[in-house]
Amino acid sequence: MKPMHAAAALTFALAATASAQGTSAQGASAQGPLTAHLPAGALLTLETRGAAPAFDRLTGVIGSVLDGVADAGDEDLEASGAMLRGFSGILADSVGREGVAGVFTVQGRGGTFTPALLAVARTGDLSAELFSSFIPKKKGARVGAYPFVRSGNLFAGQANGLVYLSSDKALLMSYLGRLSGKAAPTLAASAPYTQATRAAGPVQLGAYLNFSATAKVIRGQFSQFMLPRLLSPVVDALDTLGQVAGGLTTTDAGLNTVSAQVVNTAGKDRPLARLLTHTTDFGVQDIIPADAEAVQATACAPESNAYAARWLTRLDLFEPFGFLTDSQLASHLERSGQYLGSECAQVTLAGGLKAGLDQSDPLAALATAVSYQSVRDRAAAEAHLPEYARSVNEAIAGLRVTLKGTLGDLMKGDMAGMDEDGVAAMMAAGSFEQIDDLLAGLKMVYAFEGDYLITAFSEEALQAALAGQDAPLARDPAFQAAGLTLTGSAGWGYQPDWADVSGDDLMGSLPAEFGEMGMEETLGPVMDAMAGVLNRYDGMTSQRSVAGNVIIGKANVKYRW
């Protein structure tokens with residue numbers, strides 16, 4: 001047997017053993033979830049529970065790419081695919097059972113709090129042996145029945161079916177103390193964590209973010225000196241975001257995602273709290289073409305443009321090219337809030353996927369991208385939009401002049417002297433020319449259709465949107481079958497099954513330099529295999545709803561594993 005084939009066979013055997021052990025260990029949760037002993041005060045956690053099927057499916061997809069390339073005659077990649085599946089088995093026998101990696105706050109000098117890492121996972125026989133090989137065999141310390149040693153900048157240990165590590169000794173000891181029976185606040189019992197995670201429900205691969213606690217840590221760090229005025233609104237906004245929990249669960253038919261955001265209504269950024277929890281009744285589907293490749297509709301409160309304008313005003317002084325000042329974009333956004341309504345939609349029209357893969361024409365994707373927004377006062381909109389569009393388009397033209405002047409200065413100045421051949425100057429020139437070509441094709445255009453404003457930066461896209469309104473999305477049988485909630489909704493998304501792509505299409509998405517280097521023959525099999533993986537995608541629907549200050553998001557992705 002060839003060495004590569006022997007390695008593959010051994011790895012497959014390990015995978016089979018680990019998968020069997022992972023299946024038999026699903027009842028390990030009798031000890032309670034890991035979060036029941038983790039300290040309270042997590043800023044961020046990444047969590048897994050019963051995730052072995054997800055790892056099997058996800059690594060299977062990657063393995064299929066490697067197998068597809070291996071079919072072209074690369075034995076190394078054949079063995080890599082086998083080893084990847086073996087690695088999936090080891091994952092199934094550890095974090096596939098249950099695992100948590102979190103960033104927690106620990107008290108530092110002067111009473112401030114700083115972030116530190118703590119991670120723990122359940123182990124089976126196979127993964128326990130693997131992890132033990134990474135933990136130094138030397139004298140360390142112990143908390144109850146749980147030993148640990150220092151390993152570089154980390155503290156790690158293994159006992160009673162768990163492997164654990166931390167970047168902070170005190171943090172690890174506090175966790176091990178809870179494991180040993182010490183009464184202390186835990187993550188699972190903390191209100192911010194439980195409210196968000198219970199609203200989201202169980203997932204195989206999940207995450208939790210406490211924006212409010214992160215804002216508190218930032219304020220603590222800045223308490224050593226005065227918080228810059230520019231950053232104060234950022235911290236206020238972060239605090240208002242509250243907590244978010246969610247994740248994904250794979251199924252035979254694809255995967256489901258869920259998220260729950262608990263908005264901090266006590267946060268100082270009250271407008272942001274209102275924007276996040278805004279809902280509306282949608283009618284924009286009545287004018288979006290049925291052959292659109294992607295639709296993301298959002299309930300956008302009328303004050304959202306004024307809110308964005310305030311942020312642009314704060315950034316205006318730091319914008320290096322003067323576009324925000326020249327376009328008066330902040331002023332126009334604020335004025336548009338007086339006549340725009342509560343429905344917003346970003347739409348990719350037919351052909352958008354393949355257009356986005358065409359690196360030879362950076363403007364191709366713009367020809368399929370349009371935005372929709374409902375209008376409350378058509379007369380006010382018609383009076384303002386000509387000035388708005390003219391101001392933006394003149395600013396784009398001015399930006400081109402500014403960039404050309406910058407390029408001229410670089411070519412004349414010290415940039416060319418950075419090396420004998422002026423390579424840096426040539427690279428800069430190429431980049432600026434690409435940006436200039438893109439800006440040359442940008443032009444804000446718009447049209448009204450009933451109670452909706454349609455905007456684009458390509459006349460071709462605008463005309464395609466207008467031409468497709470005789471066959472709207474609302475009358476499409478597939479869209480109707482999706483059963484999306486369109487009244488009292490915070491938003492929804494819809495993607496039908498995309499047209500298949502080929503390996504050649506994906507090759508076109510690579511920079512032109514790859515073609516000049518003669519990489520087609522090498523990369524061709526890889527792109528063919530990746531196209532096969534992408535073509536298993538069969539569409540997606542998503543929905544957002546609001547209950548009080550809790551925003552629930554759910555998505556269903558159809559995928560043939």
Side-chain angles (χ1 to χ4, degrees), residues 22-23 25-38 40-58 91-92 95-103 120-122 186-213 241-265 276-277 279 298-299 482-485 488-494 539-559 561:
T23 302
Q26 295 305 311
S29 60
Q31 303 173 47
L34 294 177
T35 53
H37 296 103
L38 290 173
L43 304 178
L44 160 71
T45 66
L46 301 176
E47 305 177 27
T48 62
R49 185 175 299 176
F55 288 127
D56 287 343
R57 289 177 175 126
L58 295 173
L91 288 176
V95 291
R97 299 167 180 256
E98 188 180 5
V100 180
V103 177
V120 57
R122 298 197 188 279
T186 64
L187 182 61
S190 66
Y193 178 83
T194 55
Q195 188 176 5
T197 54
R198 286 176 182 173
V203 293
Q204 292 176 340
L205 304 174
Y208 164 75
L209 295 87
N210 190 334
F211 291 106
S212 294
L241 291 177
Q243 296 81 35
V244 177
L248 65 86
T249 298
T250 61
T251 67
D252 291 339
L255 61 90
N256 299 320
T257 70
V258 63
S259 66
Q261 180 174 5
V262 182
V263 178
N264 179 16
T265 54
L276 291 172
T277 55
T279 61
T298 306
L484 293 168
T485 299
S489 171
W492 52 271
Y494 178 74
M540 180 275 294
T541 57
S542 65
Q543 186 80 63
R544 292 174 66 243
S545 60
V546 176
N549 67 324
V550 181
I551 307 166
I552 302 294
K554 295 183 178 181
N556 176 38
V557 179
K558 298 177 182 178
Y559 192 82
W561 299 107

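Checked against side-chain contact (heavy atoms from CB on, under 4.5 Å), Thr541 has the following partners two or more places apart in sequence or in another chain: Ala482, Leu484, Tyr494, Asn556. Annotation: side-chain contact (heavy atoms from CB on, under 4.5 Å) contacts of Leu91 (sequence neighbours excluded): Phe55, Phe87, Val95. Listed by chain and number, the residues in a side chain to side chain donor-acceptor pair (under 3.5 Å) with Ser259 amount to none (sequence neighbours excluded). Partners of Phe211 according to the ring pair (Phe, Tyr, Trp, His ring centres under 6.0 Å) rule, which considers only residues two or more places apart in sequence or in another chain, do not exist here. In this structure Tyr193 satisfies the ring pair (Phe, Tyr, Trp, His ring centres under 6.0 Å) test together with Tyr208, sequence neighbours excluded. Every residue two or more places apart in sequence or in another chain was checked for a side chain to side chain donor-acceptor pair (under 3.5 Å) with Thr48, and none qualifies.
Contact record, Pro192 with Asn210: CB-ND2, 3.9 Å, taken as the closest heavy-atom pair. Closest approach of Val557 and Met540 over heavy atoms only: CG2-CG, 3.7 Å. When every heavy atom of Ala51 is checked against every heavy atom of Gln204, the shortest pair comes out as CB-O, 3.5 Å. Smallest separation of non-hydrogen atoms from Ala207 and Leu46: CB-CD2, 3.9 Å. Nearest heavy atom pair, residue Pro53 against residue Gly50, reads CD-O, 3.4 Å. The minimum heavy-atom distance between Ala200 and Ala245, with the atom names listed, is CB-O, 3.7 Å.
In this structure, Thr35 and Glu47 have side chains that are in contact, with non-hydrogen atoms separated by less than 4.5 Å. Between Pro33 and Glu98 there is a side-chain heavy-atom pair separated by less than 4.5 Å. With contacts defined as side-chain heavy-atom distances shorter than 4.5 Å, the pair Thr45/Leu187 qualifies.
Under a 3.5 Å cut-off, the side chain of Trp561 and the backbone N or O of Ala253 do not form any donor-acceptor pair. Formation of a donor-acceptor pair under 3.5 Å by the Gln261 side chain with backbone atoms of Leu241 is found in this model.
A salt bridge (Lys or Arg N to Asp or Glu O under 4.0 Å) check over residues 243-254, counting only residues at least two apart or in different chains, returns the pairs Arg57-Asp252.
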Please tabulate, for side-chain N and O atoms in residues 543-554, each donor-acceptor pair with protein atoms closer than 3.5 Å (sequence neighbours left out).
{"from": "Gln543", "atom 1": "OE1", "to": "Thr485", "atom 2": "N", "distance (Å)": "2.7"}
{"from": "Gln543", "atom 1": "NE2", "to": "Thr485", "atom 2": "O", "distance (Å)": "2.9"}
{"from": "Gln543", "atom 1": "NE2", "to": "Ser489", "atom 2": "OG", "distance (Å)": "3.1"}
{"from": "Gln543", "atom 1": "NE2", "to": "Gly491", "atom 2": "O", "distance (Å)": "3.3"}
{"from": "Arg544", "atom 1": "NH1", "to": "Ala490", "atom 2": "O", "distance (Å)": "3.0"}
{"from": "Asn549", "atom 1": "ND2", "to": "Val263", "atom 2": "O", "distance (Å)": "2.9"}

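Rounding to the nearest 0.5 Å gives a distance of 9.0 Å between CG of Asn256 and OG1 of Thr250.
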